[in-house]
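Below, all heavy atoms of this structure are taken into account, side chains as well, without hydrogens, waters or symmetry copies. Residue numbers begin at 1 in each chain, while the letters A, B, ... track the order of the sequences.
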Amino acid sequence: MELIFEKSRPGRRAGRPPRPDLPVPALPEGLRREQPPRLPEVPENEIVRHFTALADRTFGVDTGFYPLGSCTMKHNPRVNERAAAMPGFRDLHPLQEDAGAQGALELAWQLQEILAEIAGLPAVTLQPAAGSQGELTGLMLMRAYFADRGEERDTIITADTAHGTNPASVTMAGYKLEKVATTDRGNLDLADLRAKVDERTAGLMLTNPSTLGLFDEGIEEVAEIFHSQGALLYYDGANLNAVVGLSRPGDMGFDIVHYNLHKTFSQPHGGGGPGGGPVAVREAIAPFLPAPVVVRDGEGFRLDHDLPKSIGRVRGFAGPFGVFVRSYAFIRAYGPALREMSEMAVLNANYLLARLKDVYELPYDRHCMHEFVLSARALKREHGVSALDVAKRLMDFDIHPPTIYFPLVVPEAHMIEPTETETKERLDEFVDAMRTIAEEAATSPETVHEAPHSRPVRRLDEVRAAKEPVVKHDFGEAKGLVPAAR
Amino acid sequence: MELIFEKSRPGRRAGRPPRPDLPVPALPEGLRREQPPRLPEVPENEIVRHFTALADRTFGVDTGFYPLGSCTMKHNPRVNERAAAMPGFRDLHPLQEDAGAQGALELAWQLQEILAEIAGLPAVTLQPAAGSQGELTGLMLMRAYFADRGEERDTIITADTAHGTNPASVTMAGYKLEKVATTDRGNLDLADLRAKVDERTAGLMLTNPSTLGLFDEGIEEVAEIFHSQGALLYYDGANLNAVVGLSRPGDMGFDIVHYNLHKTFSQPHGGGGPGGGPVAVREAIAPFLPAPVVVRDGEGFRLDHDLPKSIGRVRGFAGPFGVFVRSYAFIRAYGPALREMSEMAVLNANYLLARLKDVYELPYDRHCMHEFVLSARALKREHGVSALDVAKRLMDFDIHPPTIYFPLVVPEAHMIEPTETETKERLDEFVDAMRTIAEEAATSPETVHEAPHSRPVRRLDEVRAAKEPVVKHDFGEAKGLVPAAR
Amino acid sequence: MSGPAGYLSQTGADRDEMLKAIGVDSLDELFAQVPAAVRLDRELDVPPPLGEADLVRHLESLAARNAAVDTELSFLGAGIYDHYVPAVVDTFLSRGELLTAYTPYQPEMSQGILQAIFEYQTAICELTGMDVSNASGYDGCTVAADACFIARHHTGKTRVVLAEAVNPQVRQVVKTYAPGFGMEVVEVPHDGGATDPERFAEACADAAIGLFQQPNVFGVLEPAPDLAAAAAAGGALAVAHVDPVSLGLLEAPGNYGCAMAIGEGQSLGCYQSYGGPHYGFLAARKEFIRRMPGRIVGETVDLEGRRGFVLTLQTREQHIRREKATSNITTNQTLLALGGLITLCWLGPQGLRELGETCLALTAYAKERVGLPLVFDRPTFKEFAVRTPIDAREVVRRARERGVHPGYPIGRDYEGMDDVLLVALTERRTKEDVDRLAEVLAEVSGKTKDGSWS
Amino acid sequence: MSGPAGYLSQTGADRDEMLKAIGVDSLDELFAQVPAAVRLDRELDVPPPLGEADLVRHLESLAARNAAVDTELSFLGAGIYDHYVPAVVDTFLSRGELLTAYTPYQPEMSQGILQAIFEYQTAICELTGMDVSNASGYDGCTVAADACFIARHHTGKTRVVLAEAVNPQVRQVVKTYAPGFGMEVVEVPHDGGATDPERFAEACADAAIGLFQQPNVFGVLEPAPDLAAAAAAGGALAVAHVDPVSLGLLEAPGNYGCAMAIGEGQSLGCYQSYGGPHYGFLAARKEFIRRMPGRIVGETVDLEGRRGFVLTLQTREQHIRREKATSNITTNQTLLALGGLITLCWLGPQGLRELGETCLALTAYAKERVGLPLVFDRPTFKEFAVRTPIDAREVVRRARERGVHPGYPIGRDYEGMDDVLLVALTERRTKEDVDRLAEVLAEVSGKTKDGSWS
Ligand SMILES: Cc1ncc(COP(=O)(O)O)c(C=O)c1O
Ligand SMILES: Cc1ncc(COP(=O)(O)O)c(C=O)c1O
């Protein structure tokens, strides 16, 4: 399909900005642009058709089952979009006086309160733009907290099952990284931990349930080990969908928690974003939160910028407010039944696990929480069919592949998270597809190797893309690449 | 693909209406419903996926080129949807006091004024819901007009090229129908007309340009023939897109005109509707217009219900207001350049005609207006490939087929209307497709016979559908029809 | 350039190339077929073009001059109601393929919309207890005229009998159409807010059709089964004009002997939009299938035996049957009917029942609470009539100054009812809203000669 | 049943079957892995559930308590602007497949969103005159921190130089991140509203990065080329924080020696939304491609040689490189960036130029018209600073009571500027709006001790 730039014709256009009849002052010499940017020149109907075609070539939760592990691809209720589009929210300037934004501030404050209750921690900042920024914020909070106490700690411990953002955040926060092993039950190795945690240890970053979808059965001991050394525990909330209303990170012993509003609380993923990564902390860490925070004064609400010990700001304004509206609406629709949301997420995952573990290897033979990890190792060994092949073949069943090759501790991993919103029939379709593919691996492996067969493109050459990167249109010094069929 | 009813499971649901804690009074015996309607029981995510899938199986102007003759499938600007959704319009009750609807009344009044100027006639009613209701309204106006003058006239003359709604409206209005022939230049046969028009003739219904896409070169004589007998001329506005700002029906001699807001003025067609069919008339006919009409009183606007000679109402309230908003927005975006809109519609049509007439027969060898009719007669004769075959084959080029087998005076007709919004590249793609198909007809007729090859279903058995009609779901007394692939 | 509005796409270069291909030197040559005398030799006298941002600004200023739901607490009904439109309806009614497609003449291109219409027909048949539904009529008024046209041909009779308690707009449309059908209209007055089956039976003797509304224009529940029987007794086709929202609780017309069930679909999935576009539904018993007006979608199979959907029984329609067609309708209200289908899927049987119960409960509460005498002491569904101490129009005027629109002054349509206000309740109103209404009505209902504040 | 919210779909029967298949008797067994001590043994203390209609009602009541564009004539800017968002943007940002997809890890399933990002990257490179753009950063603040991280590794130096005339929020975020990067921040004060190249050069000597904003926070046009040269002279990477709306008229940073160009994308296709979600853009010269943070889409071919798109250079990223990654970002702002792309397609080069000219013209008019002394007598783009006779906060308070928000009291961020008001103009304001602003400013600027109306 052509690029919109390839559809451009000189002189065509869609939008016409207002042109008040006022003189246009000349710009200072040397600042004036010589060559106009080569933006597409297209009429509105071709814009509409172009992006309609691009949408048709994109698979979303609205298209079908999307069990992308660790991403919580649940249904996104449409009423949340209606809410975010209300002019009173959508067209509100972030520097509006507090007096002129009481409704928005109340919503944000309510969300803070609810998130605090869910985490079991008292203080919340809504500012971080996503989970990974929440992580970085959490680590900065640790540094500020220890600096304030005059303690020098330089190491953060993460699990070997940790998501890549954890170690990356550790580096960006200026900490050293240490890894702890996982036992064959999928819990943190306590012995290994005891050996590594000392007075240089700032804290632990952990996802619980882990990226294996397993709840750490030793979480109390883990907390004890760190706290006894004066270190802190950070909870990576990416998997919170497993435990809302059932178990609270604060009660597990975590001191700092981030939420992924685009996972647990249904902000649509938008093809890669936006998201929201609020952070909750214990009382002792509250003074260091980024400013501003939303506070209640009697009947009114205001942004409090006056936090002398604050680490400072991590994003503009009070955070991605439109995301708050959606998540707040989502939460208010459930109320206390959020617990049922998590129960159903766990039920769906265990159902899939039970129906698939005889054909794909289950590395940790336990009930899972909201997701689980299978291994295609056997298929690889016996038929040369890899986790990647299975993933590509799933596409021919109109199912989005799970997360693959993660976590790293499981070879040929398929990380499967169905979420609570899927019907049993959808789960059964997935089971049938996965079982069929396992059979095909034995009977007609090439069908699987060469998959997908039903998409606008076949498998793509990622090596070439990285070797000689072409990251923008070349405006017709054509390299003779044939556009894929419509 | 399954019906939403087939996806239903007892106990599932999406919406939950508010339930105030108030007692629910019992209904009188004998009025209470015994068996609840078997509506689908589905959660929201499956509703979203179901209708997403249905949309994906529907081809619209947004999908691609849609040259459906006589339907003016132009691009529908998205700002018009934004306008119609403004709460001040969308959530306004039709029985709101005039004082509480001044903005809506002004918009409707402005639209009346603009439509009057475009038709060259002084008085307008916005009430009719579509073109065919406009026709019926026009014929009722004729009856009221003649009755008021004590004249007895019982016959309406239509062209043999007339759209089916014309004769059907004649019957519903209680008139007799008489047909007039078309000359080999595509004009009304004046001799035939003179022979048929007399003091029993109430009037003529004519589309100009005709459904052949040809402007009647004798229109002045035609008008003279009817007016000299005291009869009236009705203008079927379906083809107005050819002449806006270029030639006005009132100036051509027409006394009553309907507009198709969903054609000329871009109300989206919605898979079959809604539309709008306002009617404009000469001063002498104005007293008979349906009530209410929108009138201006100094600074204010009001609905005038007090038209003693009115034929009465043809639809609820003042008409499909949301349609008015879209068409008004469309017109205001163009201003006087509406003329250019029609010029480009005519240019596009003539370009296609010029590039296709050597491979498909052109029954009337003239420049066309906004549309034209080709005949596949030769293909049929020489290769057994019919207009229908060509239409079905076009689908494999991602192009919606033109109107076929209409008008009836042209055998194996393809009635082609590109509209003004298509780019030259789109027109060229269509030309290439039509020429390719003509070649295929000679080289591999079966490819064309068996088309389409790229749609979710192959050709469908319409005879069976009409013989033993199944017009609703049978709730599982399955007839074993295999749903078409996703 | 691409048109003042940016809706056109032919550049100067395009135009030249195209004219060349056509073999003319200028656009004018193409218009030579238009006689000089009928050409417009001046520019259209219409307002100047507006760019999109300016256009939106202009329309917002017009929209701001309407008292809509967002600015006024309203109890208006009388045929159009402020029911909640689910967000999923917006999602699909704005979806490009559905929004910009037209009548599915080419089924292979349009299986989606065809299946949706088939599902809509099924849902309407389930609601009404009928065997066949069309793809929609223009609105709740024109479907009544359609029913008369069917009755005219089916019975060969010419009299239309209308209960006077049928919505006045519906009756007006029927009266406008009837002469063209060669039919005359008789109206049966109500007795204390409901229609008397005996009087209805008398009128229906030897008539083509007996049409009543359930609940009727006063919100009152008619003795529908008796009225249906009364019509049938006289040989007329019994037709019920029903509120679809009521059909989770009220018996389906198909289950008490009606030949047809019709109604205004707005309450299911359409915004009020100052009167439209909405959709009318028309459902009937099997025997009328070949007399139905408009589009009907049927199930069939393709070459490979797979299920598919097509427009069917087209020999009824104008494009085939022309002057012998069952109707002249072609463009209908498909997109709005789709909104109705989606709303019914969203509600489900349980939601529809709950919605009805909420209307019943709020209405019962309001009848008690408003503190004005009820005009008719009868069971109602979501609307009721009260008597106002001063002219109801004046009550409305005063109440609106307090931000409340208390209802419809039905004296506009019925003689001797100048002091009657029709108050409608939907699930979008609350107990508190009703309390507010009562408060305002109390404030403004004081009788004063000069109309000054009491 | 399907959940209080209707978002769940497991019926009682489903649950039983599933538990059976799992081989447990109850849900509790699945949660046995959660130690009793860390389970929540009570119900969550959150507000009760709301059905959709009630939820909308509740949210509308909150939305109604904000003074948004529809209720107040606003001249607020300072980084977020009320530019017009084309209707086509809404069409696609609400389109299900785009709205509900995630990062395109599986390119064959996501060619659409991948191509869109590739087109976005191209558009940003065209605007900025750079070679490479990522798929978006969180906002206009965090991309500044990203630029510092790149500079830290590319130059090995540790000093960050910020012009004080860079938006304060951007500087605050940089200061929050810097310590983690092992960097220190130096700020260069402005001279009369603009940054002096000489002082900037001094500060940039031996620094990692020299960051300035064009136009700067006061709306003033900086001597950008000189500042870029100044930074480069000191061996620092010159980075311009630019307003994308200005780039139809103002020279592209890539054309005056900047290493990177960054900015807040909100002005192109995002609603103000009380601060987000928006998107930050980050574009750079070729040599930095392997140090870029976040997603980058590249062109490639499939097995059959057809063009296709994939996420590329992933070895930069956290999921591969982990602690050695160029950033920890994963979820970004793709959907908003798509809105930016669509807006740029809608404007085209001509529209972008016209939009800039309109901002220039209105701003020039307003500078004349408002009748308050300009704080800096320098060329500006779409914003300018005026001095108010009384505290600017008080001016804002009083003006808002007259329905006008006259601008941002920038004393909140800059010492000694308590009497300065920052006034922003976009194409959504008109000449008449400016006249109204002038009128209101005149009314409320009267100096009075007690702050009562003058
Ligand atoms: C386990 C885990 N941690 C952290 C993150 C980062 O969250 P975000 O993508 O919101 O930055 C993710 C999601 O990508 C994740 O799955
Ligand atoms: C020539 C002609 N006349 C009348 C009509 C009827 O108009 P509508 O579909 O709006 O009822 C049409 C369109 O279907 C038409 O093409």
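Using a 4.5 Å heavy-atom cutoff, the side chains of His93(B) and Asp82(C) are not in contact. Using a 4.5 Å heavy-atom threshold, the side chains of Leu44(C) and Ile114(B) count as separate. Taking the side chain as every heavy atom from C-beta outward, Arg95(C) and Thr58(B) never approach each other to under 4.5 Å. With contacts defined as side-chain heavy-atom distances shorter than 4.5 Å, the pair Arg339(B)/Glu43(C) does not qualify. Between Leu8(C) and Tyr334(B), the closest side-chain pair of non-hydrogen atoms falls below 4.5 Å. Put simply, the side chain of Gln272(C) does not reach to within 4.5 Å of the side chain of Arg90(B), judged on heavy atoms. The closest side-chain heavy-atom distance from Ile219(B) to Pro35(C) is below 4.5 Å. Between Asp251(B) and Leu40(C), some side-chain heavy-atom pair lies under the 4.5 Å cut-off.
In this structure, the portions of Phe181(C) lying under 4.5 Å from any heavy atom of chain B include both its backbone and its side chain. With a 4.5 angstrom heavy-atom cutoff, Tyr408(C) touches chain B only via side-chain atoms. For a residue to count as touching a neighbouring chain, one of its non-hydrogen atoms must lie under 4.5 Å from one of that chain's; by this rule Thr142(C) touches chain B with the side chain only. For Thr331(C), the parts lying under 4.5 angstrom from a heavy atom of chain B are both the backbone and the side chain. The part of Glu72(C) that comes within reach of chain B is its side chain, from C-beta onward, which places non-hydrogen atoms under 4.5 angstrom from that chain. Looking at Asn350(B), both its backbone and its side chain come within 4.5 Å of chain C, counting heavy atoms on both sides.
Ring pair Phe92(C)/Phe51(B) is tilted by interplanar angle, where 30° to 60° counts as tilted.
A salt bridge does not link Glu52(C) to Arg332(B): none of the charged side-chain nitrogens sits closer than 4.0 Å to a carboxylate oxygen. Ion pairing of Arg13(B) with Glu354(C) is present here, as a side-chain N (NZ or NE/NH1/NH2) and a carboxylate O approach within less than 4.0 Å.
Taking the six-membered ring where the residue is Trp, the centroids of Phe317(B) and Tyr274(C) are separated by 6.0 Å or more.
Judged purely by distance below 3.5 Å, without hydrogens or angles, the side chains of Arg57(B) and Gln111(C) never pair a donor atom with an acceptor atom.
Among Leu335(C), Leu249(C), Thr100(C), the residue making the largest number of heavy-atom pairs under 4.5 Å with chain B is Thr100(C). Among Leu27(C), Leu355(C), Asp45(C), Asp14(C), the residue with the largest count of heavy-atom pairs under 4.5 Å with chain B is Asp45(C). Among the candidates Tyr84(C), Phe118(C), Tyr102(C), Tyr105(C), the residue making the largest number of heavy-atom pairs closer than 4.5 Å to chain B is Tyr102(C).
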